[in-house]
Amino acid sequence: MKNNKHQQHFEHQGTGAKCRYCRNIFAFTTGSTVNLKRHMLPTIKRQLDVKLLLMVCKGYNPFSIVEEKAFKDFILSLQSFSNSKYELPSRPTLTNAIFPSVYDELLVTVKDKLATSTKVALTTNKTWTNLNTVSFLAVTSHFIDQNGKLCSLLLDCSIFCESHTGKNI
């Protein structure tokens with residue numbers, strides 16, 4: 001298996017190739033990687049969808065970006081340049097399927113990190129108000145992980161309708 005693209009996803013196993021993700025073995029002959037590519041399409045699609053979601057969330061972009069003509073043109077340009085067949089997910093798919101599954105995965109990760117920490121400090125940013133004068137309250141956990149690194153994780157950010165008094169906060 002000389003193709004580096006496939007080495008990152010498969011291990012050579014005699015006359016086959018073992019997927020590093022699902023651990024299944026597929027027939028493989030030198031020069032023919034069609035079945036390996038076919039097997040990887042859903043995995044690669046999922047990875048690209050998650051990267052798109054993270055780009056949207058971390059960049060504070062609206063989910064509707066996937067419906068904008070300029071963004072679609074940009075993706076089409078990337079596809080023609082890389083000879084890729086990635087299909088951009090729709091906004092409903094991004095918000096109703098991909099987002100909840102990534103959220104659930106990250107929630108498990110956060111719970112695992114908090115479960116392995118011995119001491120946790122919780123802070124709030126009191127409250128802040130967005131441009132539409134909607135108030136929010138955020139709770140963040142701070143702890144030192146098993147490698148001695150200071151970590152901070154946002155646990156909640158909710159609309160805060162009460163008066164901004166110490167008692168209500």
Side-chain angles (χ1 to χ4, degrees), residues 3-10 17-24 26 33-116 120 122-143 145 151-162 164 168-169:
N3 187 336
N4 284 338
K5 281 184 183 178
H6 297 100
Q7 284 179 341
Q8 67 182 354
H9 303 293
F10 295 93
K18 185 176 187 179
C19 176
R20 295 183 191 271
Y21 308 106
C22 72
R23 312 307 286 167
N24 288 333
F26 298 89
T33 59
V34 173
N35 58 338
L36 302 182
K37 288 179 188 175
R38 189 178 323 114
H39 173 69
M40 286 308 301
L41 284 177
T43 301
I44 293 168
K45 166 89 168 108
R46 167 82 172 146
Q47 289 172 345
L48 291 172
D49 287 348
V50 169
K51 286 183 184 290
L52 173 65
L53 177 71
L54 293 175
M55 181 211 71
V56 168
C57 293
K58 289 183 176 186
Y60 306 107
N61 295 298
F63 288 118
S64 62
I65 193 170
V66 299
E67 296 172 340
E68 293 178 11
K69 183 177 178 354
F71 187 74
K72 287 180 177 182
D73 289 346
F74 173 70
I75 295 299
L76 286 172
S77 297
L78 287 176
Q79 290 172 341
S80 64
F81 178 74
S82 65
N83 201 18
S84 169
K85 293 182 177 21
Y86 176 66
E87 186 178 327
L88 199 59
S90 66
R91 180 177 15 171
T93 299
L94 195 61
T95 56
N96 299 328
I98 300 167
F99 181 80
S101 69
V102 171
Y103 174 85
D104 291 341
E105 291 168 15
L106 290 174
L107 184 60
V108 168
T109 302
V110 167
K111 286 180 178 181
D112 289 346
K113 286 182 178 184
L114 289 173
T116 60
V120 175
L122 298 176
T123 59
T124 66
N125 67 342
K126 297 186 183 167
T127 58
W128 60 273
T129 305
N130 69 6
L131 294 173
N132 298 326
T133 66
V134 177
S135 296
F136 294 87
L137 176 70
V139 178
T140 306
S141 66
H142 309 275
F143 59 94
D145 70 8
C151 299
S152 296
L153 300 170
L154 177 66
L155 300 180
D156 192 20
C157 184
S158 302
I159 292 177
F160 190 74
C161 299
E162 302 295 324
H164 297 185
N168 289 337
I169 292 173

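- Atoms CG and CD1, from D49 and I98 in turn, are 3.5 Å apart once rounded to the nearest 0.5 Å.
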- [ ] Apply side chain to side chain contact (heavy atoms under 4.5 Å, CB included) to K113 and V120, showing your working.
- [x] CA-CA 11 Å; K113 286 182 178 184; V120 175; over 6 Å; no
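- Residue D104 holds its CG atom at 11.0 Å from OG1 of T109, rounded to the nearest 0.5 Å.
- Dense packing is recorded around CZ of F71, with more than 12 heavy atoms of other residues, nucleotides or ligands lying under 6.0 Å away.
- Of all non-hydrogen atoms in T140 and S152, the two that sit nearest each other are CG2-CB, 4.2 Å.
- Note that CG of L52 and SG of C57 are 9.0 Å apart. Values are rounded to the nearest 0.5 Å.
- To the nearest 0.5 angstrom, F143 atom CZ is 11.0 Å from L122 atom CG.
- In this structure, E87 places its CD atom where only 12 or fewer heavy-atom neighbours from other residues, nucleotides or ligands lie under 6.0 Å away.
- Under a 3.5 Å cut-off, the side chain of S90 and the backbone N or O of T93 do form a donor-acceptor pair.
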Open item on the list: Apply side chain to side chain contact (heavy atoms under 4.5 Å, CB included) to residues T116 and D112 and explain how you reach the verdict.
Closed with: CA-CA 6 Å; T116 60; D112 289 346; 5.7 Å; no
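- When every heavy atom of V66 is checked against every heavy atom of R91, the shortest pair comes out as CG2-N, 3.5 Å.
- The minimum heavy-atom distance linking F26 with C19 is given by the pair CE1-CB, 4.1 Å.
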TODO: In sequence, state the C-alpha distance, the side-chain angles, and the governing distance for L114 and L155, and then conclude on side chain to side chain contact (heavy atoms under 4.5 Å, CB included).
DONE: CA-CA 11 Å; L114 289 173; L155 300 180; 3.8 Å; yes
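- In terms of heavy-atom proximity, K72 sits nearest to L88 at CG-CD2, 4.1 Å.
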